[in-house]
Every structure is written in structure tokens, then in C-alpha cells.
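Start at 1 and go down the list; that is how both ligands and their atoms are numbered. If you read the sequence from its start, that first residue is 1, and numbering goes on from there.
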Amino acid sequence: MQDQINQYTTEIEAFAPANADELEAFRIKFLGTKGIIKDLFEQFKNTTPEEKRTLGKVLNQFKQLAESKYQTLKEHFESAVSNQKADIDLTLPGEGFAVGSRHPLSLVRNEIIDIFKRLGFVVAEGPEIEDDWHNFSALNFPPEHPARDMQDTFFVSHPAKEGEDEASNIALRTHTSSVQVRMMESGKPPFRAIMPGRVYRNEAISARAHCFFHQVEGLYIDENVSFADLKQTLYHFVQELYGEGTQVRFRPSYFPFTEPSAEMDISCTICKGAGCNMCKYTGWVEILGCGMVDPNVLTNCGIDADKYTGFAFGMGIERITNLKYVIRDLRLFSENDVRFLKQFKTDIV
Ligand code: PHE
């Protein structure tokens, strides 16, 4: 038996298969269920205890040799196969991977920011959870103003601070005018800034209203700022955003924090003034509120109202987006349906 093993050992050591089939034949010959090794172990059972002592070790070593030879060669052939696969045809098209796209509201917000940046406006941001002072009082809202009502504002319940009898009003901001107050309080004029951000109002969700939406507000405070500056700035903005020739008109309006106040309409971007659903057949659509900052607001924020004047404006990004892309249901903006979102492929990164 020892002789047999020696002979097979030489054979195994010399074994150099040309392909995987030869290796498989080797496996069957030595390691298969009816193979040589199995057979040797059978023979081993019938040897004398003395022979067993020496042969046991030899036989085990022989088995390990056959197994490791087979394993090494198998790995060799497998990697050869996968290399071969990689070589097959590199000119085949690769597997595509999905590139995301910007949300339409982000696209339009960035576009608005770009236009105002070119006019020298900076971007300012502030908290979405606000106190009554920054969202209402500093902005000249009388104490009983309906906008403070529970119907419009989401109040945040919280315990009174130490030393307070009653918790002060904390709410989700209803407009980004609160950022204007923060800016005026903490700096010195001149100010020229826009405030993009999310705002919240307690409205029933439908195709035309949502409990949150996005705004860009703007503020310009300096000496001798006039309504003419306001008109020209917003006129320029509209030409940049919707194209030359878009008409604007200002209608008198009311906001507690501006005096005089106006709403600005543009000629309908969809029907170009001919009349359509979007403009309710008037040819005009309202896009923003604006006005000269009320001197009370300046005083509330520690700014000398005799020396400085300024204008402010605020627009909803959803509305501006609708006029560009004709999106008829506001809910689409927050449902995150990729079929909706992937329509807004863009080069802007
Ligand atoms: N804050 C107003 C709103 O949310 C918009 C506005 C801003 C109007 C500035 C006038 C001046 O509707």
C-alpha cells in the first residue's frame, strides 16, 4: 500500500491539466465517491494495527495533497474563466445608472436667487419655528389681527419658561418676513437681502392649497429708497424669470408691515394675455405682494425711520413654478413621485 501511495504521490505532483475537464477527471479519479482515496481508506481498514500506526499518517497526508492540488487548480481555472469573461466584449454598452434630478421648487428657487444675486442681494435664512414677535408683532400686526388666529397659524405648545406666568406664543412661521425682522434687528442698514424658505399655514390640503409652501421674500433698506426702486427691481426680476416683454401691473393692497402696499400681477405666461384657465380668462396672474416698509416696522427693529426707507416683497415659489411648468395640483410638489420629479431634468448641478 505504501508503494501505491508513493506512486500516486508522484503522479499527483506531476499533474498539470490543460483545462478544467482534465481537472474534473482528476477529481473523479482521486477524490470521487468511487475514487482512489476512498479505495485506499477501504484497504486501510483491513490492515494490521501495526501497519495502521504508520500508514494512517501517510494516508492522511496523501489525501490532503490530493485535495489541495485539486483546490489550487480549481481556483486557477475559475479565475481564468472570469478573466476571460471580462475580456469578452468591452465595447458593449455599460449598465446605465439613474442620475437624480432637482426638485422643480429647488430649480425655481435657485433661479430666483440667481436673479437677485446679480442685483446685489444676499441670501438670509432664519428659523421655521418662530415667536410671536418676529412673525407678527414686530411686523405691525395688531393684536387681534385675523392672521394670528388659530385658523391660519400652527401654534407650538410648550411650557412657560421659568418666571413667566404664561407661555409666550411660539408658532411655525407663516411667512419669511420673520427673517427680515431678525436681519434688521441684528445689523445696520443698508440691507439688501432675499429670504427663501418654507412657511406653514393651517389650511385644508387640496389641489390649490397646502399646509406648507415655500416663499422668497426680499428686503431693501437704505437712504432714499423709493417706490420707483421697488417697481424697477421687480420689473427687472420678471423680465429675467419669464422673458422680455412680460408685462407687470401693480394693484393697491394691504399688508400690516408695508405702506403703501401693492400686489403685482404679470401678463399670463401661459396664454400671453389671451385668456386661459390659469389666469381665469383675465390675462393677468398675481405673483407677489410688496410695499414700502412701514416706519413702525423700522422703529420696532431699531432702525431710524426718519433716515431710512425701504421696500419689501414676498412671493410663493409654488405659484411662480406653476406659471413656468403648469402644474395643476399643489400636492404633486410634496408627494415625491419620481415619475413627476424626473420630468425636471436639468444641467444645473
Ligand atoms: N409676507 C407676505 C405674505 O406672506 C408677503 C409680503 C412680503 C408682502 C413683503 C409685502 C411685503 O403674504
* To do: Could you give me the CA-CA distance, side-chain angles and deciding distance for D222 and Y308, then say whether side-chain contact (heavy atoms from CB on, under 4.5 Å) is met?
  => CA-CA 5 Å; D222 203 346; Y308 292 102; 4.3 Å; yes
* Go through the steps to decide whether V123 and I194 satisfy the test side-chain contact (heavy atoms from CB on, under 4.5 Å), and finish with yes or no. => CA-CA 5 Å; V123 174; I194 50 169; 4.2 Å; yes
* Asked: Given the rule in the side-chain contact (heavy atoms from CB on, under 4.5 Å) test, do T54 and Q2 qualify, once you have shown the distances and angles that lead to the verdict?
  -> CA-CA 10 Å; T54 48; Q2 179 73 56; 5.9 Å; no
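Residue-level proximity to ligand 1 for A312 is carried by backbone and side chain together, each with a heavy atom below 4.0 angstrom. Contact annotation for F313 and ligand 1: only backbone heavy atoms (N, CA, C, O) come within less than 4.0 Å of the ligand. In E263, neither the side chain nor the backbone holds a heavy atom less than 4.0 Å from any atom of ligand 1.
With hydrogens left out, the protein atom closest to atom 5 (C) of ligand 1 is E217 OE2, 3.6 Å, a heavy atom. If you check which protein heavy atom lies closest to atom 12 (O) of ligand 1, you get R201 NH2, 3.8 Å.
E130 contributes no side-chain N or O that, together with a main-chain N or O of R173, makes up a donor-acceptor pair within less than 3.5 Å. Judged by distance alone, the side chain of E185 and the main-chain N or O of G302 form no donor-acceptor pair under 3.5 Å.
Ligand 1 has a nitrogen or oxygen under 3.5 angstrom from a nitrogen or oxygen of H175. On a distance-only criterion, T258 and ligand 1 share no N/O pair closer than 3.5 Å.
Checking A262, G289, G218 against atom 8 (C) of ligand 1, the nearest heavy atom belongs to G289.
Shown in contact with F257 at under 4.0 Å from a heavy atom are these atoms of ligand 1, numbered in order with element: 1 (N), 2 (C), 6 (C), 7 (C), 8 (C), 9 (C), 10 (C), 11 (C). Atoms of ligand 1 lying under 4.0 Å from any heavy atom of C290, numbered from 1 in the order shown and given with element: 8 (C), 10 (C), 11 (C). Annotation for ligand 1: atoms under 4.0 Å from non-hydrogen atoms of Q215 are 3 (C), 4 (O). Every atom of ligand 1 with a heavy atom of S177 under 4.0 Å away is listed here by number and element: 1 (N).
Heavy-atom distances between M315 and ligand 1 stay at or above 4.0 Å for every pair. Taking 4.0 Å as the cut-off, F311 does not count as a neighbour of ligand 1 on heavy-atom distance. For the pair M264 and ligand 1, no heavy-atom separation below 4.0 Å is found.
Across D132, T174, T153, a single residue satisfies side chain to side chain donor-acceptor pair (under 3.5 Å) together with R148, and that is D132.
Aromatic pair F313/F237: ring centres not closer than 6.0 Å. Checked against a 6.0 Å centroid threshold, the rings of Y70 and F30 do not count as neighbours.
A salt bridge between R27 and E24 is present, with a side-chain N of the basic residue lying under 4.0 Å from a carboxylate O of the acidic one.
Using modelled atom types and a 3.5 Å distance limit, the side chains of E318 and H214 yield a donor-acceptor pair.
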